[in-house]
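Read the structure below first, then the notes.
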2 protein chains.
Amino acid sequence: MLTPERHKLILQLIKEKGVVKIQDLVDLTETSESTIRRDLTQLEEGKYLKRIHGGAARLQGKLQEPSMSEKSSKSLHQKRQIAQYAANLVEEGDSIYLDAGSTVTEMIPFLPAKEIVVVTNGLMHIQALMERNIKTFIIGGFAKEQTKAIIGRGALASLENYRFDKCFMGVNGIHPQFGYTTPDQDEAMIKQMAISLSRESFVLADDTKFSEIAFAKIADLHTAAIITNELNEDQKETYTSKTTIKVVTA
Amino acid sequence: MLTPERHKLILQLIKEKGVVKIQDLVDLTETSESTIRRDLTQLEEGKYLKRIHGGAARLQGKLQEPSMSEKSSKSLHQKRQIAQYAANLVEEGDSIYLDAGSTVTEMIPFLPAKEIVVVTNGLMHIQALMERNIKTFIIGGFAKEQTKAIIGRGALASLENYRFDKCFMGVNGIHPQFGYTTPDQDEAMIKQMAISLSRESFVLADDTKFSEIAFAKIADLHTAAIITNELNEDQKETYTSKTTIKVVTA
DNA sequence: GCAAAAATCAATCATTTTCATCCAAAATTA
DNA sequence: TAATTTTGGATGAAAATGATTGATTTTTGC
C-alpha cells in the first residue's frame with residue numbers, strides 16, 4: 001500500500017472514530033509497525049493528528065490560545081522584531097506574497113498601507129489585512145484547518161497567475177543541509193511556487209526554529225535573505241557559505 | 001482500549017449519570033481495577049471529576065449551558081429556520097457551493113458533515129466549516145472587506161474550475177421583475193457564475209428581503225427554489241407565475 | 001455503639017505493551 | 001549501476017497494565 005493511500009486511510013479512520021490503534025492500522029494496511037509509526041509521526045508533524053500511546057487521535061478543533069508562557073515570552077518579542085524588520089523591506093507599490101503562518105501575521109501591522117498589493121494563502125492574515133485597508137487577494141484551494149492555510153493542486157494553479165516583487169515565508173525549521181523546512185509537503189509546494197514567482201524571497205525565522213521536507217533548497221532562492229536574530233557566528237557561517245543569501249539580524 | 005478512550009467514556013458516563021462505580025468501569029472497559037484507579041486519579045488531577053469512595057462523581061460548580069442572550073430576535077430565528085431547511089436539502093456526497101452572506105452561514109451547523117465538499121467565496125464561512133471537519137475549498141480572488149466575500153476577475157476564473165450539485169445563494173432583495181438582486185456587480189457576477197455551474201440552485205431569503213442589480217433573472221435558474229417563509233399568497237403568485245421555480249416555506 | 005467482616009484503597013512490583021532508534025534489505029529513482 | 005527513498009525487523013528504553021500486599025474505610029451483625 002502506497003504512502004499517500006495509507007495516510008488517507010489513517011486520516012479517514014481518525015476522522016470517523018476519533019482514535020485509532022496502531023495494531024489496527026498494521027492489520028488494515030498490511031504493513032509493518034515501523035511504517036505505521038513513521039506515518040503517524042509525519043502526520044503529526046503536519047498537524048493532522050495527535051499521537052497517543054498506542055495509536056493516534058483526532059486533535060480537537062481550536063488551536064489553544066497562545067499560552068501565557070509563549071505570549072509574554074521572548075519568543076513573541078523576537079517574532080515581532082523580525083516581522084517589523086521584514087515589513088520595512090516592503091516599498092510602496094510593491095506586490096508581495098505573504099505565506100501562511102504566525103510569524104508572517106506579525107508583519108501586517110508594520111506594512112506600508114498605501115499602494116501595495118498582497119497575495120496570501122493564509123486565512124489568518126485576511127482579517128488583519130482588511131482591517132488595514134490593504135488590497136488583498138487570497139489564492140483559491142483547499143482550506144487546511146490546522147494551519148489555516150490554502151493548499152493543494154488548485155492552490156498551485158491559482159498562485160500561478162500572480163507575480164511578486166517580494167515574498168515572505170515562514171518556516172518550521174532550518175536545516176543546514178536541506179534548507180528551509182516545513183513538515184507538510186502540500187504547504188512546501190506552495191512555498192516553493194511562490195518563491196519561483198517572486199523577484200526576491202525572504203525567510204522569517206526566529207532562532208527557536210534553527211528538520212522534515214525541504215520546501216526550498218538554498219540554491220533555489222535566487223535573491224533571498226534569512227531574516228533572523230541572535231544567530232551566532234558559527235551558524236552564520238554555515239548558511240552564508242552555501243549560497244549568496246544574506247543573513248540579516250533584525 | 002486506549003487511555004483516551006477510557007477517559008472519554010468515564011467522563012461521558014459521569015456527565016450523564018452524575019456518579020459511576022469503579023467496578024462498572026472495570027466491566028465496561030474490560031480492564032483491571034488498577035487501571036481504572038489510575039484513570040480516576042489522573043482525571044481528578046485534571047479537575048475533570050471528583051473521586052469518591054467506590055467510584056467517582058461529577059464536580060459541580062461551574063460551567064452552565066449557554067445563556068438566554070442569543071435566542072431572541074425574530075429575524076434571526078427566521079434566518080435559522082430557512083437555513084436549516086436549506087441544509088437538509090444537502091445529501092451525503094454532494095458537492096455544493098455556499099455563497100457569502102450571513103443567512104448562508106447559518107446553514108453550516110445543519111449540514112450533513114459526512115462526505116460533502118463545500119466550495120465558497122465567503123470568508124465568514126471558513127471557520128465554521130473547518131470546525132465541522134467539512135472538506136472546504138475557497139475560491140481565489142480579491143477579498144472585499146464589507147461583505148467578507150471573494151470577488152473579481154480572478155474569482156470568476158477560479159470558480160470556473162468547479163461543478164456543483166447544488167448551490168445556495170443569499171440575496172439582498174427580490175425584485176418581481178429583475179429577479180434576485182444584489183447591489184454589487186462583482187458579487188452578482190460570482191453568483192451568476194456559480195448558478196451556471198450548478199445542477200440545482202437555491203435562494204435563501206427571509207421575508208425582510210422582498211429591489212438593485214439583478215444577479216439572476218428568474219429565467220436563468222433552471223432548477224431552483226426560493227426558500228423563504230411567511231410569504232403571502234400574492235407574493236407567491238408573483239414569483240411562481242414567472243417560471244418553474246418553487247417557493248418553499250420553511 | 002462496637003467489633004468483625006467486607007469492600008475499597010494506595011503503593012509496589014513483575015509483566016506486557018508500546019516506543020524511538022538504528023541498521024540492513026528491498027524498492028524506487030536517477 | 002549507483003544513489004536515494006522506503007520499508008521491515010531488532011534492540012533496549014519507556015510507559016501502561018494487572019496482580020498483590022497491607023492499610024484504610026464502610027458496612028454488617030449484634
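The chains referred to below are lettered A, B, ... by the order of the sequence lines, with proteins before strands, and numbering in each begins at 1. Owing to the predicted nature of the structure, the values given are computational and were not obtained by experimental measurement.
For B:E115 and B:K135, the salt-bridge test fails: no basic side-chain N is under 4.0 Å from an acidic carboxylate O. Using a cut-off of 4.0 Å between Lys/Arg side-chain N and Asp/Glu carboxylate O, A:K47 and A:E145 are scored as not salt-bridged.
Atom CD1 of A:I22 and atom C1' of C:dC19 are 8 Å apart (whole Å).
Side-chain contact, B:T35 with B:S32: a donor N or O sits under 3.5 Å from an acceptor N or O.
By the 6.0 Å and 45° rule, A:K15 does not stack over the aromatic ring of A:Y48.
Checking the phosphate oxygens (OP1, OP2) of C:dT8, no side-chain nitrogen or oxygen of B:R37 falls inside 4.0 Å. For D:dA16, the OP1/OP2 oxygens have no side-chain nitrogen or oxygen of B:R38 closer than 4.0 Å. Between B:R6 and D:dT17 there is a side-chain polar atom (N or O) within less than 4.0 angstrom of OP1 or OP2. A sub-4.0 Å separation between OP1 or OP2 of D:dG9 and a side-chain N or O of A:S34 is absent. OP1 or OP2 of C:dC9 has not a single side-chain nitrogen or oxygen of B:T41 nearer than 4.0 Å. Proximity of B:S32 to the phosphate of D:dT20: no side-chain N or O atom is located under 4.0 Å from OP1 or OP2. Between B:R51 and C:dA10 there is a side-chain N or O to OP1 or OP2 distance below 4.0 Å.
Within 4.0 Å of B:I36, counting heavy atoms only, lies no atom of the nucleic acid at all.
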